[in-house]
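What follows is a set of notes on a single structure, which appears directly below.
Numbers restart at 1 for each chain; the letters A, B, ... are given by sequence-line order, proteins then strands.
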Protein chains: 2
Amino acid sequence: MKETTICPRLSKAMELLGKRWTTLILYQLLDGSQRFNEIESALPVSGRLLSERLKELEKEGLVERKVFTEVPVRVEYSLTDKGKALEGAIREVEKWSQIWIN
Amino acid sequence: MKETTICPRLSKAMELLGKRWTTLILYQLLDGSQRFNEIESALPVSGRLLSERLKELEKEGLVERKVFTEVPVRVEYSLTDKGKALEGAIREVEKWSQIWIN
DNA sequence: AAATATAAGTTACTTTTCGTAAGTTAGGGT
DNA sequence: ACCCTAACTTACGAAAAGTAACTTATATTT
């Protein structure tokens with residue numbers, strides 16, 4: 001096994017946040033609870049990956065899933081406290097992008 | 001082409017920062033200029049990917065590459081101003097990970 | 001009563017990216 | 001002449017991502 005000197009918590013955090021689409025999904029949910037199709041329309045992500053990512057985020061406790069048994073079914077996703085706690089970090093990236101990206 | 005409503009700058013930023021290892025490489029360089037092998041030893045990243053990521057980061061202007069023609073050759077990588085400007089964001093993720101990750 | 005519509009996925013298949021290990025390059029030391 | 005070292009690079013099988021078609025449940029339309 002390869003030995004590393006980097007902080008294991010940050011490393012584990014980046015395993016999640018470093019996956020494609022994860023941060024943009026969280027950013028989208030900073031606006032509040034949203035349905036599957038709303039998120040899918042807001043981002044250039046396919047349903048397959050969005051579904052996979054939301055499951056991971058739910059499993060890691062950053063996102064909560066609520067099902068409303070209407071017809072057709074409505075499913076809403078929202079940030080938990082753990083997810084909301086990332087707002088500072090995400091806003092910093094947003095600020096950086098406004099300054100440094102064209 | 002799929003239409004999206006998300007901020008294009010943030011989206012472009014995440015295309016870079018969301019790639020595997022990118023943020024950890026930048027985090028490692030927050031400690032100052034480092035050689036290829038130092039970064040490789042600090043992170044569980046292979047030489048192949050480290051090389052690829054450093055090239056991308058150099059191309060995007062976040063990292064600077066300096067060659068010292070000694071024997072054997074020494075190459076040092078460091079953050080540019082654009083790269084250093086990400087410190088705030090990276091520190092926020094670090095703080096979050098200390099609180100929320102086990 | 002059968003056909004249609006809709007949200008939220010899921011499946012099947014192709015393409016791209018990643019991980020691992022071996023190979024390359026350049027010059028200096030033995 | 002051969003070995004050593006840092007910094008890559010290549011080859012190739014494995015894993016992840018992209019695309020589009022399909023599924024499920026039930027209410028509304030025909």
Of all nucleotides in DNA chain C that come within under 4.0 Å of a heavy atom of chain A, which is furthest toward the 5' end and which toward the 3' end?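 So the contact region on DNA chain C extends C/dT6 to C/dA12.
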Run the salt-bridge test on [X] and [Y] with the 4.0 Å N-O cut-off and return the result as yes or no.
X       : Y       : value
B/Lys12 : B/Glu15 : no
A/Glu56 : A/Arg53 : yes
B/Lys95 : B/Glu92 : yes

CD1-CG distance between A/Ile6 and B/Leu43, expressed to the nearest 0.5 angstrom: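 Output value for this atom pair is 4.5 Å.
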Under 3.5 Å, is there a donor-acceptor pair linking the side chains of A/Glu94 and A/Tyr27?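 A/Glu94 vs A/Tyr27: donor-acceptor pair found between side chains.
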Side-chain H-bond candidate by donor/acceptor type, A/Glu64 with A/Thr80, under 3.5 Å: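 No, A/Thr80 and A/Glu64 have no side-chain donor paired with an acceptor closer than 3.5 Å.
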Shared hydrophobic cluster, B/Val71 / B/Val67 (ILVMFWY, side-chain heavy atoms < 4.5 Å):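 Unlinked, B/Val71 and B/Val67 end up in two clusters.
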Between the two ends of the helix from C/dA1-D/dT30 to C/dT30-D/dA1, what is the bend in degrees, rounded to 10 degrees, where each end axis spans five pairs?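 Overall, the helix from C/dA1-D/dT30 to C/dT30-D/dA1 bends by 30° from one end axis to the other.
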Apply the side chain to side chain contact (heavy atoms under 4.5 Å, CB included) test between B/Trp96 and each candidate in A/Glu87, A/Arg9, A/Lys82; give the one that qualifies.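 For B/Trp96, the side chain to side chain contact (heavy atoms under 4.5 Å, CB included) test succeeds with only one of A/Glu87, A/Arg9, A/Lys82, which is A/Lys82.
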Can you check side-chain hydrogen bond (donor to acceptor under 3.5 Å, both in side chains) on B/Gln28 and B/Gln34, steps first, answer last? CA-CA 8 Å; B/Gln28 191 60 27; B/Gln34 282 176 62; 3.1 Å; yes
Distance, rounded to the nearest Å, where B/Gln34 contributes CD and D/dA6 contributes P: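 Going from CD in B/Gln34 over to P in D/dA6 covers 16 Å.
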Looking only at atom types and distance, does a side-chain atom of A/Thr23 sit under 3.5 Å from a main-chain N or O of A/Leu17, one as donor and one as acceptor?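 Flag set: sc A/Thr23 to bb A/Leu17 pair under 3.5 Å.
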Strictly under 4.0 angstrom, non-hydrogen atoms only: write out the protein contact profile of nucleotides 9-28 of chain D, one letter per nucleotide from the 5' end, B, S or -. BBB-----BBB------BS-
Applying a 4.0 Å non-hydrogen cut-off, can you work out what A/Phe68 is touching in the nucleic acid: base, sugar-phosphate, or nothing?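 Counting heavy atoms under 4.0 Å across all strands, no contact is made by A/Phe68.
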